[in-house]
Amino acid sequence: MSAEKISVKQARSPESIGKTVKIEGWLRTRRDSKAGFSFLEINDGSCLGNLQVIANADLPNYEQQIKSLNTGASLCVIGELKESGGKCQATELVASSLVVYGEADPETYPLQKKRHSFEKLREWAHLRPRTNTFGAVARVRNCICNSIHQFFQEQEFLYVHTPIITASDCEGAGAMFQVTTLNLDVIAQKQIQQLDYKQDFFGRRAYLTVSGQLEGETFACALGKIYTFGPTFRAEKSNTTRHLAEFWMIEPEMAFYELEDNMALAEAFIKRIARDALTKCPEDMALFNEHIEPGLIAALQNVVDSQFVRLPYTEAIELLAASGQTFEYPVKWGVDLQSEHERFLTEQQFKSPVILYNYPRTLKPFYMYCNDDGKTVRGMDVLVPRVGEIIGGSQREHRLDMLEARMAEQGIPAEDYWWYADLRRFGTVPHSGFGLGLERAVQFITGMTNIRDVIPFPRFPGSVEF
RNA sequence: GCCCUUGUAGCUCAGUCGGUAGAGCAACGGACUGUUAAUCCGUGUGUCCUAGGUUCGAGCCCUAGCGGGGGCGCCA
């Protein structure tokens, strides 16, 4: 028999009725009817829904094998797709042959038909993609990544790969993981006090990157518009629902863009990601809307349709001070905004994404463009409901004298950044960029509350099991 | 790093006043003419996180440690 291999997603479509097909996937549940057949539900990850398979008793391995199949078993089914007699699906596959690739012993297989807590599923990170929610997260995450590339490629941005191992501390964005080939055990045995990094692999100290921004700027200052999309590392011992030690970051960098252009790009970018998730993953988004975050779809549609609020830091402080709210951390000009303040602005005051900009220069790193008032810099943060800061960016300081002054002000050794300063020395241009944390975007789109559940294998303090 | 909370069956949890542990689900066996997290009947299941301590007696009280979750800080 010639049978075309198709996905469960294709097989669930009424257009496939009448075809003889081959389906391969994993069993989710089995229901027997003593009328002499069993219902098998197969999932292959191509979509949220399962394919219902009718396994009749005349199959040669029905009594021996099929009747004792359990959740988790892997199968190959060949048969004809028919219109389903049931109400919950359009199609069903009537098996003419069923091969079991591998069984899943119900005594030891951890996953059940019923739902598990996300906390428990984190202990089975290797099996959790087999569940509805994590399958949906994986598909939406993929959709978001695809949107990101399309969004930039359509506008003639170049995808640039910035290094993962770096010598520069970049922006002081956080504690860094050190990369070394020095033998720590030997060093400990010999009780060496002073390490000679000239003996190390790179001849000096090296780290995992905390941002590709500075390297990205070098390409923007040659090729115009670029973006990076890669892994990023922070050795902070952060224990929250929105921090990871290893995460993925998207960093566009654009020559000839000022802060307003940067804000416009960031807004269009977020809207594009949300719109694509809603239109391309309706089934998965419906699951999140129903089981994870009620009202999610309406809220995202509102994000797509509305204008983001743009609020200078100084006005935000005035607004918070006049709000009548009591905050744990009092607000006054010059202090950094805390989570509670950001949450108030985006969740209560405006009920929409908010772009805060023009921060006090003392709060922000040396590379941000200094405004004429001498007090503020052209930095911006995009805050969204539930997640908080999803994007951080700025117009970059492109005036050499100002950059050097700011480095001195913040105690940054200029000699380490000679190549960065060269961009200002030779053909400097106004330019801007921002960084989007992919996992925070996935949280925002899916409504998942813990960032550890939107990345396949989360890294956080004390955790590298998988 | 700080604060709060939690740890009991494969999973979710209950466990009163300190008297040596029990529900639902899953699993297994059976029933059922098309089911949809099927339904109904029956069966089994324990290092009560670990180590000390108090007590005639500890799942329960005390101390320390370890693990999980949440909040804060750092940020994306």
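Only heavy atoms go into these numbers, but all of them, side chains included; no hydrogens, no water, no symmetry mates.
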Next item on the list: Would you please determine if the base of B:A76 is stacked by A:Phe247, with stacking meaning a centroid separation under 5.5 angstrom and planes under 30 degrees?
Entry: yes
Next item on the list: Give the rounded distance in Å between these two atoms: NZ of A:Lys364 and P of B:C74.
Entry: 11 Å
Margin query: Quick check: A:His398 with A:Tyr369 (ring centres under 6.0 Å apart)?
Written below: yes
Check: Which whole-number value in Å describes the distance from A:Leu337 CG to B:C72 P?
Finding: 15 Å
Next item on the list: For A:Ile148 and B:A76, give me the distance from atom CD1 to atom P, rounded to whole Å.
Entry: 16 Å
Note to self: From the set B:A27, B:G71, B:U35, return the single nucleotide nearest to any side-chain atom of A:Phe39.
What the structure shows: B:U35
Note to self: Taking the minimum atom-to-atom distance to the side chain of A:Lys120, which one of B:C72, B:U36, B:U12 wins?
What the structure shows: B:U12
Margin query: Between A:Glu283 and A:Arg12, does any NZ, NE, NH1 or NH2 come within less than 4.0 Å of an OD or OE carboxylate oxygen?
Written below: yes
Item checked: Whole-Å gap separating P (B:G68) and CG (A:Leu121) -> 15 Å
Next item on the list: Among A:Arg141, A:His243, A:Arg242, find the one that has a side-chain hydrogen bond (donor to acceptor under 3.5 Å, both in side chains) with A:Glu439.
Entry: A:Arg141
Next item on the list: Taking only the side-chain heavy atoms of A:Ser339 (C-beta and beyond), determine which of B:G73, B:G69, B:U35 contains the nearest atom.
Entry: B:G73
Checklist line | Between A:Phe37 and A:Tyr62, ring centroids under 6.0 Å | finding: no
Notebook entry, point to check: Whole Å only: how far is the CD atom of A:Glu119 from the P atom of B:U12?
Noted result: 9 Å
Note to self: With syn defined as a glycosidic angle within 90° of 0 and anti as the rest, where does B:U63 land?
What the structure shows: anti
Next item on the list: Can you tell me the distance, in whole Å, between the CG atom of A:Asp32 and the P atom of B:A31?
Entry: 11 Å
Next item on the list: Give the rounded distance in Å between these two atoms: CG of A:Leu356 and P of B:A76.
Entry: 14 Å
